[in-house]
Amino acid sequence: MEKLGFGLMRLPLLNREDPASVDLDQVCAMVDLFLERGFTYFDTAYMYCGGRSEIVLREALVKRHPRESFTVATKMPTMFLKTPGDQERIFAEQLEKCGVDYFDYYLLHNLGVENYRTAQAFGTFAYLAERKAAGQIRRLGFSFHDSPQVLEQILTEHPEVDFVQLQINYLDWEDPTIQAKSCHDVARRHGKEIVVMEPVKGGILSRIPPEAEALLKASRPNDSVASWAIRFAASQEGVMMVLSGMSSLEQMADNTDYMSRFAPCTQEDYAVLRQVVDLIHQATPVPCTACRYCVDGCPMNIPIPTYFALYNAEYVAQQHGYAKQLVYYTNAARGHGLASQCVGCGQCARSCPQHIDIPEELKKVAQLFENGQ
């Protein structure tokens with residue numbers, strides 16, 4: 001099985017302000033190219049693209065290609081389990097939305113301390129084991145955003161899972177907060193295969209500082225910046241699949257090209273990447289991946305990822321004496337809460353896979369863009 005998976009989270013949009021306005025024609029072309037080049041793994045979720053990702057998978061893939069030509073992965077949204085019967089209802093809805101009779105891979109979504117507690121309370125592992133025994137799930141796993149200690153606990157208490165999905169990329173590998181390498185090592189000690197998410201960290205590792213990009217180009221002139229991130233993740237021991245949230249046909253063409261002739265990272269590659277990490281840390285103050293988990297439920301309707309993207313862009317631009325993000329901030333704030341209107345409830349920080357102290361960072365955004373306004 002080729003190691004590149006198509007993550008249907010950041011699909012091309014007809015309206016950048018509407019995550020549900022997926023450009024279906026372009027997605028169909030991307031799906032066709034993906035399959036044509038020998039790749040088969042499609043990853044979606046209940047909440048992606050404003051709740052439309054699973055439907056898009058049905059329309060662009062399931063209705064247009066033989067079922068045996070692809071594999072489908074989706075997830076039980078543990079954060080949405082509120083009342084008895086929710087998981088039964090959601091699972092049945094997912095089968096219908098995806099247009100399939102079974103899922104090749106099925107995951108509990110975004111486990112950490114709180115969501116794991118929810119899954120335990122609802123007996124979700126046992127329920128999904130029943131679905132697996134009934135033939136509606138082929139392989140069972142979970143996606144994970146928390147500490148190695150929590151991962152150790154889950155895998156010890158639930159050895160029945162077949163695989164885990166972890167955030168692994170060269171920026172987070174040695175990061176003391178994300179601890180990607182430590183989580184990888186825990187999964188391997190338990191004998192679990194690994195699916196990698198966020199290998200390009202929400203696009204951050206395709207838009208690195210010019211000095212860092214120059215290092216990569218000097219080492220491998222013909223390779224794209226993003227290819228380094230995907231190759232790093234795919235080179236780690238025990239990784240069976242690397243998901244890429246491709247959002248254009250151009251990205252699909254690039255990713256499937258170099259992954260069709262995948263070559264693991266060399267020691268020289270790793271040495272270059274260590275230098276790149278140092279340069280990125282100097283240039284990116286807020287490591288937001290724009291996953292948007294923080295947005296739902298914000299009592300002040302603050303577009304947090306948008307503000308962080310503008311803050312990061314302003315920070316980098318100021319290093320080069322060219323800064324003009326204020327007008328974009330003003331436009332983005334129309335119909336939304338300002339950064340300064342954050343009430344500090346903390347629900348956004350609790351849902352952030354990157355463990356960002358969002359209320360504190362919003363204070364910095366407010367100081368940069370609102371001071372004197």
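- Under 4.0 Å is where a charged nitrogen must lie from a carboxylate oxygen, and between K181 and D185 at least one such pair does.
- Pairs engaging residues 64-74 under the salt bridge (Lys or Arg N to Asp or Glu O under 4.0 Å) rule: D32-R64, R67-D104 [sequence neighbours left out].
- Partners of D146 by side chain to side chain contact (heavy atoms under 4.5 Å, CB included), not counting sequence neighbours, listed by chain and number: V113, F144, V150.
- The CE atom of M197 sits 6.5 Å away from the CG atom of L166 when rounded to the nearest 0.5 Å.
- Applying the ring pair (Phe, Tyr, Trp, His ring centres under 6.0 Å) rule to pairs touching residues 226-266 yields W173-F232, F232-Y270, sequence neighbours excluded.
- Residues that satisfy the ring-ring contact (aromatic ring centres under 6.0 Å, His included) test with F122, not counting sequence neighbours, are absent from this structure.
- Residue pairs satisfying the salt bridge (Lys or Arg N to Asp or Glu O under 4.0 Å) criterion with at least one member in residues 342-354, sequence neighbours excluded, are absent.
- Under the side chain to side chain donor-acceptor pair (under 3.5 Å) criterion, S340 pairs with E370, not counting sequence neighbours.
- When the salt bridge (charged side-chain N to carboxylate O under 4.0 Å, His left out) test is applied to E17, no partner is found at least two apart in sequence or on another chain.
- A salt bridge links D257 with R261: at least one charged nitrogen is closer than 4.0 Å to a carboxylate oxygen.
- The shortest side-chain heavy-atom distance between V195 and D43 does not fall under the 4.5 Å cut-off.
- Residue pairs meeting the side-chain hydrogen bond (donor to acceptor under 3.5 Å, both in side chains) criterion with at least one partner in residues 123-135, sequence neighbours excluded, are Q87-T124, R131-Q136, K132-D162.
- Residues meeting the salt bridge (charged side-chain N to carboxylate O under 4.0 Å, His left out) test with D223, sequence neighbours left out: R220.
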Between Y46 and M79, is a side chain to side chain contact (heavy atoms under 4.5 Å, CB included) present by the stated rule, with each step listed?
CA-CA 11 Å; Y46 190 77; M79 63 290 288; over 6 Å; no

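- Taking a cutoff of 4.0 Å between a charged side-chain nitrogen and a carboxylate oxygen, R89 and E93 qualify as a salt bridge.
- Legend: residues meeting side chain to side chain donor-acceptor pair (under 3.5 Å) with H190, ordered by chain and number and at least two apart, are E152.
- Separation of the F369 and Y307 ring centroids does not fall under the 6.0 Å cut-off.
- K364 and E361 are joined by a salt bridge, as a carboxylate oxygen and a charged side-chain nitrogen come within less than 4.0 angstrom of each other.
- For D175, there are no side chain to side chain donor-acceptor pair (under 3.5 Å) partners at least two apart in sequence or on another chain.
- Contact between L61 and L35 at its shortest, heavy atoms only, is CD1-CD1, 3.9 Å.
- Residues in residues 47-57 take part in these salt bridge (Lys or Arg N to Asp or Glu O under 4.0 Å) pairs, two or more places apart or across chains: E54-K97.
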